[in-house]
Amino acid sequence: MVVIFGWGAGEGKDLGETAPLVCPNCRNEVFLHHVRSEKRVSLYFVPLIPYGTDEYLACPICRHGLPVPKERRAVVEHMRAETGSYRRGRIPEATY
């Protein structure tokens, strides 16, 4: 009997734009995206049990990511909400 199992970072889920700045890698002016990657144990290539989560601020052009420490995740969530409101026109640029 053969049992195939594995673990890994999984696919990143784009949660939305977070902050406008110049990417430290490609030097483009972009809105960094908040990306969450859930680590899971898999059996026969089927993800089963999550065992951790990584979060990044990633450039949408070059995909370079900056890790977000756990203690800063609430700040990133707030920034993402504010940026979403700004991009929808709910907050004027001067306020943003």
Side-chain angles (χ1 to χ4, degrees):
M1 182 171 160
V2 176
V3 176
I4 301 173
F5 69 95
W7 58 90
E11 275 191 46
K13 180 180 179 183
D14 189 344
L15 302 174
E17 296 176 324
T18 304
L21 84 126
V22 175
C23 173
N25 188 53
C26 68
R27 304 287 184 236
N28 287 299
E29 291 184 25
V30 296
F31 277 84
L32 292 182
H33 285 239
H34 185 196
V35 177
R36 180 177 294 142
S37 178
E38 209 173 60
K39 299 176 192 176
R40 292 179 171 263
V41 173
S42 61
L43 180 63
Y44 295 104
F45 307 104
V46 176
L48 298 175
I49 303 167
Y51 67 90
T53 303
D54 291 327
E55 294 191 17
Y56 302 93
L57 293 178
C59 173
I61 296 173
C62 70
R63 306 303 297 167
H64 178 74
L66 305 167
V68 176
K70 288 183 181 183
E71 62 272 5
R72 293 290 186 191
R73 290 181 181 174
V75 173
V76 171
E77 293 283 340
H78 178 72
M79 287 171 47
R80 193 178 78 219
E82 292 295 315
T83 299
S85 294
Y86 166 69
R87 298 286 270 182
R88 289 182 194 89
R90 295 181 189 150
I91 298 175
E93 186 173 356
T95 306
Y96 179 69

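Nothing fancy with the numbering, it's 1 onward along the sequence.
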Legend entry - Positive for salt bridge (Lys or Arg N to Asp or Glu O under 4.0 Å) with Glu55, one of Arg72, Lys70, Arg36, Lys13: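 It is Arg36; the other options fail the test.
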Measuring from atom [atom1] of [X] to atom [atom2] of [Y], what distance do you get when rounded to the nearest 0.5 angstrom?
| X | Y | atom1 | atom2 | answer |
| --- | --- | --- | --- | --- |
| Arg27 | Cys59 | CZ | SG | 11.0 Å |
| Cys23 | Leu32 | SG | CG | 7.0 Å |
| Thr95 | Glu82 | OG1 | CD | 10.0 Å |
| Arg80 | His33 | CZ | NE2 | 11.5 Å |

Considering all heavy atoms of both residues, which atom of [X] and which atom of [Y] are nearest to each other, and what is their separation?
| X | Y | value |
| --- | --- | --- |
| Thr83 | Thr18 | OG1-O, 2.6 Å |
| Cys26 | Asn28 | SG-ND2, 3.0 Å |
| Tyr56 | Pro67 | CD2-CA, 3.7 Å |
| His34 | Leu57 | CA-CD2, 4.2 Å |

Legend entry - Other residues, nucleotides, ligands: >12 heavy atoms within 6.0 Å of His64 NE2: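 Correct, the count exceeds 12.
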Inset, instruction - Answer yes or no: does atom CD of Glu29 have more than 12 heavy-atom neighbours from other residues, nucleotides or ligands under 6.0 Å? - result: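 Open: at most 12 neighbouring heavy atoms sit under 6.0 Å from CD of Glu29.
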Under 4.5 Å between side-chain heavy atoms, hopping through other hydrophobics if needed: is there a path connecting [X] to [Y]?
| X | Y | value |
| --- | --- | --- |
| Tyr86 | Val76 | no |
| Ile61 | Leu21 | yes |
| Val68 | Val35 | no |

